[in-house]
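Here's the structure, in structure tokens; my notes come after.
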There are 2 protein chains.
Amino acid sequence: MTDQLKLANQVCFPVYTLAKEIINQYRPILKEMDLTYPQYLVMMVLWESKEQTVSEIGEKLNLDSGTLTPLLKRLETKKLITRKRKKTDERVVAIALTPEGFEKKEMAELIPERVAESLNISMEELNELKRITEKVIKKIKS
Amino acid sequence: MTDQLKLANQVCFPVYTLAKEIINQYRPILKEMDLTYPQYLVMMVLWESKEQTVSEIGEKLNLDSGTLTPLLKRLETKKLITRKRKKTDERVVAIALTPEGFEKKEMAELIPERVAESLNISMEELNELKRITEKVIKKIKS
DNA sequence: CAAAATTAAATTGTGCACAATCTAATTTTG
DNA sequence: CAAAATTAGATTGTGCACAATTTAATTTTG
């Protein structure tokens, strides 16, 4: 096999590994506020705008209802969100932050700093990683 | 929140997204040979050296026994590998390729090309992504 | 307007990923 | 050498991730 052909594998594995590694860095920090990384992503989407439908959240995070429905039910159990079908279209479930869910935002503001610290990577490298990653995602999706 | 603090989140989400996206690109291609991406990784490790212990595989792929044991049992069910405890140390399980498992290597040689095609990303960008990703992994692990 | 098509979530089923615990075997050490 | 510590996997339980199917509601269209 030529090096060129092997390259795909040689890139994909590190990306897969890095994603797991990053989530592992978040894990203990998020655990203190009783969230998983995907739950944290959902909460961040809601902190930006406190009422959104399931599909709006899914679109922003690239997650389908099979993933979101049980995750959202867990957030509901934790009293961080409410789930309510819309009167105007009963197929649509509106997810809204509870006061507790909204308040968690403050505590969460400390997370990026702690993660950055835990990752121990320079701004320059983080920016480089962000730039190339976003570029590749855009290409894949197009 | 300063931009600096937000950066961690702004990097982690794309990496998490890209990893999923990449696996999604592999999925239909690997499905033709009845493998998932993590199963493919294990097979690649074994194609390099056809008998290895569970922990050796786990070390190379950063996966623990809770992940590998059921995955390896599925590969065993598919007759791609065998699992046998070592006589010299009964705690150790030796994983070995079956002839079928070894033969699958040939079919698998086509995969990187097809994935590269599917990703539709230039060699330069792939190399850049590989370089920065590996650099960051190394830093995180140290 | 009613049948057909579409849409939004939920459900079901499979397969990771990983923490925590358990079991059995081997090493270490007093 | 026997008790203690360590090691290698297996098991259990929780939580994604996603395909495929189902259900119920809404839109479209003949």
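The chains referred to below are lettered A, B, ... by the order of the sequence lines, with proteins before strands, and numbering in each begins at 1.
No engagement by A:I23 is indicated, since no non-hydrogen atom pair under 4.0 Å with the nucleic acid exists. When heavy atoms are screened at a 4.0 angstrom cut-off, B:D89 is found touching the sugar-phosphate backbone but no base atom.
Here D:dG30 sits opposite C:dC1 as a Watson-Crick or G-U wobble pair (both hydrogen-bonding atom distances under 3.5 Å). Pairing partner, C:dA24: D:dT7, with both Watson-Crick or wobble hydrogen-bond distances short of 3.5 Å.
If you take CE of A:M43 and P of D:dC16, they are 13 Å apart, rounded to a whole angstrom. Rounded to whole Å, atom P of D:dA25 lies 15 Å from atom NZ of A:K87. A straight line from CG of A:L61 to C1' of D:dC18 spans 15 Å, rounded to a whole angstrom.
Of all nucleotides listed (C:dA20, C:dA25, C:dT6), C:dA20 comes nearest to the side chain of A:K31. In the set C:dC18, C:dA25, D:dA25, C:dA25 carries the atom at the smallest distance from any side-chain atom of B:R91.
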Check nucleotides 10-15 of chain D against the protein and report each pair of N or O atoms closer than 3.5 Å, with its distance, or say if there are none.
residue	atom	partner	partner atom	Å
D:dA10	OP1	B:R83	NH2	2.8
D:dA10	OP2	B:T69	OG1	2.6
D:dA10	N7	B:S65	OG	2.8
D:dT11	OP2	B:K73	NZ	2.7

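Note on A:I140 and B:I111: same hydrophobic cluster, where clusters join Ile, Leu, Val, Met, Phe, Trp and Tyr whose side-chain heavy atoms are under 4.5 Å apart, directly or indirectly.
At a threshold of 4.0 Å, the pair B:E76-B:K84 does not count as salt-bridged, since none of the basic side-chain nitrogens sits closer than that to a carboxylate oxygen. Note on B:E48 versus B:K60: no salt bridge recorded, every NZ/NE/NH1/NH2 to OD/OE distance being 4.0 Å or above. For the pair A:E128 and B:R131, the salt-bridge criterion is met [side-chain N within less than 4.0 Å of a carboxylate O]. Under 4.0 Å is where a charged nitrogen must lie from a carboxylate oxygen, and between A:K86 and A:E51 no such pair does. Salt bridge status for B:E134 with B:K130: present, with a side-chain N to carboxylate O gap under 4.0 Å. A salt bridge is defined here as a Lys NZ or Arg NE, NH1 or NH2 lying under 4.0 Å from an Asp or Glu carboxylate O, and B:K79 with B:E100 fails to meet this definition.
Residue A:Y16 places no side-chain N or O under 4.0 Å from the OP1 or OP2 atom of C:dC16. Applying the 4.0 Å criterion to OP1 and OP2 of C:dA8, one finds that A:T53 has every side-chain N and O outside that range.
Heavy-atom nearest nucleotides on DNA chain D were determined for A:D64 and for B:A94, and the one closer to the 5' end corresponds to B:A94.
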